[in-house]
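Please read the structure below before turning to the comments.
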There are 2 protein chains.
Amino acid sequence: MVQEDIANLSLRQLAAGLGVSAAAVYRHFADRDDLLAEVARIGFERLEKQFEDAFDMTCPPADAPEATFRLRRLAEAYLGFADTEPALWRLIFSAQAEPFRGITPPEGCGGSYQYLPAALLGLHQTGIIPTQPNERDALFAWSAIHGAATLRAGLVPGALMPLTELATEVAERVIKSLK
Amino acid sequence: MVQEDIANLSLRQLAAGLGVSAAAVYRHFADRDDLLAEVARIGFERLEKQFEDAFDMTCPPADAPEATFRLRRLAEAYLGFADTEPALWRLIFSAQAEPFRGITPPEGCGGSYQYLPAALLGLHQTGIIPTQPNERDALFAWSAIHGAATLRAGLVPGALMPLTELATEVAERVIKSLK
DNA sequence: GACTTATGTTAACGATGATAACATTTTGAC
DNA sequence: GTCAAAATGTTATCATCGTTAACATAAGTC
């Protein structure tokens, strides 16, 4: 687990830690922002991996409980990441990492941005929510989960609730909001 | 509107902008973090003022529409701040400002932390939501609004929806999630 | 073997946050 | 009004930081 905020990482300290001169870093990264962007990229990949593990995209959910379960697991992956790697989480979703444009824009909603809509669609397909989920539904669901994760990564750390419980609750409430 | 990210503010540049030496700043602030904390504090006060203006605490809502309206206005204030002052918003809710403990802890839920619970209570009192809202209800509502604001202040700027529309929608969905 | 590429080095530059030592103004008590 | 103290500013200096330049060396290619 990354402890201190990565954004405060000193390029020189990092280099020293690697037993290498500061200038050597510039053989691999254009500048500090580029380095942070790479760290963010790798962190994001790990998050994506969590999504992938949590969520089987290959087949639609068999029944309503499974569809619910999928959303819950997705929320758990999202929240869990914010919980166990708050500093990395903050970096990924910070303006610092913004130079790395690969993360930020949900243009075609590919990559990681597919899971949540897919989860919502599964809820619809198994009859849990009445209407075909649209972009706004997805944005709200994302807001709720992202907000919970953000609060957990910062203002309201683990205190109030164990992770799985929170994930379950958030998923339930998101579903309720779509009914 | 504060344009560039305040967290990147240089103490020296600031001092120069004020026509004063850099060292003079240290007569008023312990260090850079202290300065940022003060900026965050003032920003937070402005946000609180918005809440206050948006939300009349003196009397309970007269009827259901008014109770709904209050939550909507609250969401609008929250989202509006993230929308018009994204950099200041980010500073307030960033780890940078964390030294200023006055903002972060929702211990007694006084100050700004009273508005959202009060709004939810109003929804219950006017019969919109069936159960007396508890801390978890408030936390979820906060998550949803905070998440929407966070996304709007960063990853998903103003694009998808005009502000009032988004606020209305978020409020509606939050209410739905509590039914 | 010569040339290119990748990767490292040291030395230096300017900007930054911070501190020390010193000067000046404001203020308040007597 | 005097005068000491507090407040507020100054310049000089430091270590650190991101970054660049100039140079060295190892590995691989023709």
Side-chain angles (χ1 to χ4, degrees), chain A residues 1-46 85-105 153-155, chain B residues 1-46 85-105 153-155:
Chain A
M1 164 167 165
V2 183
Q3 199 51 274
E4 209 193 338
D5 246 13
I6 311 174
N8 300 337
L9 183 71
S10 151
L11 197 152
R12 293 178 106 109
Q13 277 180 308
L14 175 83
L18 294 173
V20 107
S21 76
V25 176
Y26 289 84
R27 295 291 167 197
H28 305 271
F29 304 96
D31 52 22
R32 203 187 99 105
D33 276 353
D34 190 39
L35 200 177
L36 286 180
E38 180 63 12
V39 175
R41 202 188 57 75
I42 292 171
F44 196 64
E45 264 179 12
R46 268 174 41 197
E85 308 256 30
L88 186 51
W89 164 272
R90 272 183 242 117
L91 175 69
I92 291 175
F93 291 105
S94 77
Q96 294 278 5
E98 242 180 297
F100 172 56
R101 288 282 158 198
I103 286 182
T104 51
L155 304 190
Chain B
M1 165 167 163
V2 184
Q3 199 51 276
E4 209 194 338
D5 245 14
I6 310 175
N8 299 337
L9 183 70
S10 150
L11 199 151
R12 295 178 104 108
Q13 277 180 310
L14 175 83
L18 294 174
V20 106
S21 77
V25 175
Y26 289 86
R27 295 290 167 199
H28 304 271
F29 304 96
D31 53 22
R32 204 187 99 105
D33 276 353
D34 190 40
L35 201 178
L36 286 181
E38 180 62 14
V39 175
R41 204 187 56 74
I42 293 170
F44 196 64
E45 265 180 12
R46 271 180 31 204
E85 309 255 30
L88 185 52
W89 164 272
R90 272 183 243 118
L91 175 69
I92 291 175
F93 292 105
S94 77
Q96 294 278 5
E98 241 180 299
F100 172 56
R101 290 281 157 198
I103 285 183
T104 51
L155 304 190

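Lettering follows sequence order; numbering is per chain, from 1.
- When each of Ala23(B) and Gln13(A) is assigned the nucleotide of DNA chain D with its nearest heavy atom, Ala23(B) is the one assigned upstream, toward the 5' end.
- Nearest-nucleotide mapping onto DNA chain D: of Arg27(B) and Ser10(A), the residue sitting toward the 5' end is Arg27(B).
- In this structure, CG of Asp34(A) is placed 12 Å from P of dT20(D), rounded to the nearest angstrom.
- A donor-acceptor pair under 3.5 Å links the side-chain atoms of Arg32(B) to the main chain of Leu9(B), judged by distance alone.
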*Step-by-step side-chain contact (heavy atoms from CB on, under 4.5 Å) determination, Leu35(B) to Leu14(B)*: CA-CA 11 Å; Leu35(B) 201 178; Leu14(B) 175 83; 3.7 Å; yes
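- Remark: P of dA7(D) and CZ of Phe29(B) are 15 Å apart, rounded to the nearest angstrom.
- In this structure, Asp31(B) atom CG and dA18(C) atom P are separated by 5 Å, rounded to whole Å.
- Rounded to whole angstrom, the span from the CG atom of Leu35(A) across to the C1' atom of dC17(D) amounts to 14 Å.
- Applying the 4.0 Å criterion to OP1 and OP2 of dG17(C), one finds that Arg32(B) has a side-chain N or O inside that range.
- The side chain of Ser21(B) contributes no N or O atom lying less than 4.0 Å from OP1 or OP2 of dG9(D).
- Separating the CZ atom of Arg12(A) from the P atom of dT19(D) is a distance of 11 Å, rounded to the nearest angstrom.
- Interatomic distance, CD of Glu85(B) versus CG of Leu91(B), reported as 11.0 Å (0.5 Å rounding).
- The interatomic distance linking Leu36(B) (CG) with dT16(C) (P) rounds to 14 Å, in whole Å.
- Of the side-chain N and O atoms in His28(A), none sit less than 4.0 angstrom from OP1 or OP2 of dA6(C).
- For the pair Ala22(B) and Ala15(B), the tightest heavy-atom approach, listed with the atom from each and the gap, is CA-CB, 3.7 Å.
- Here the straight-line distance linking atom CG of Leu11(A) with atom OH of Tyr26(A) works out to 4.5 Å at 0.5 Å rounding.
- Across all strands, Leu9(A) comes closer than 4.0 Å only to sugar-phosphate atoms, never to a base (heavy-atom distances).
- Separating the CG atom of Asp33(B) from the C1' atom of dA18(C) is a distance of 13 Å, rounded to the nearest angstrom.
- To the nearest angstrom, C1' of dC17(D) lies 9 Å from CG of Leu11(A).
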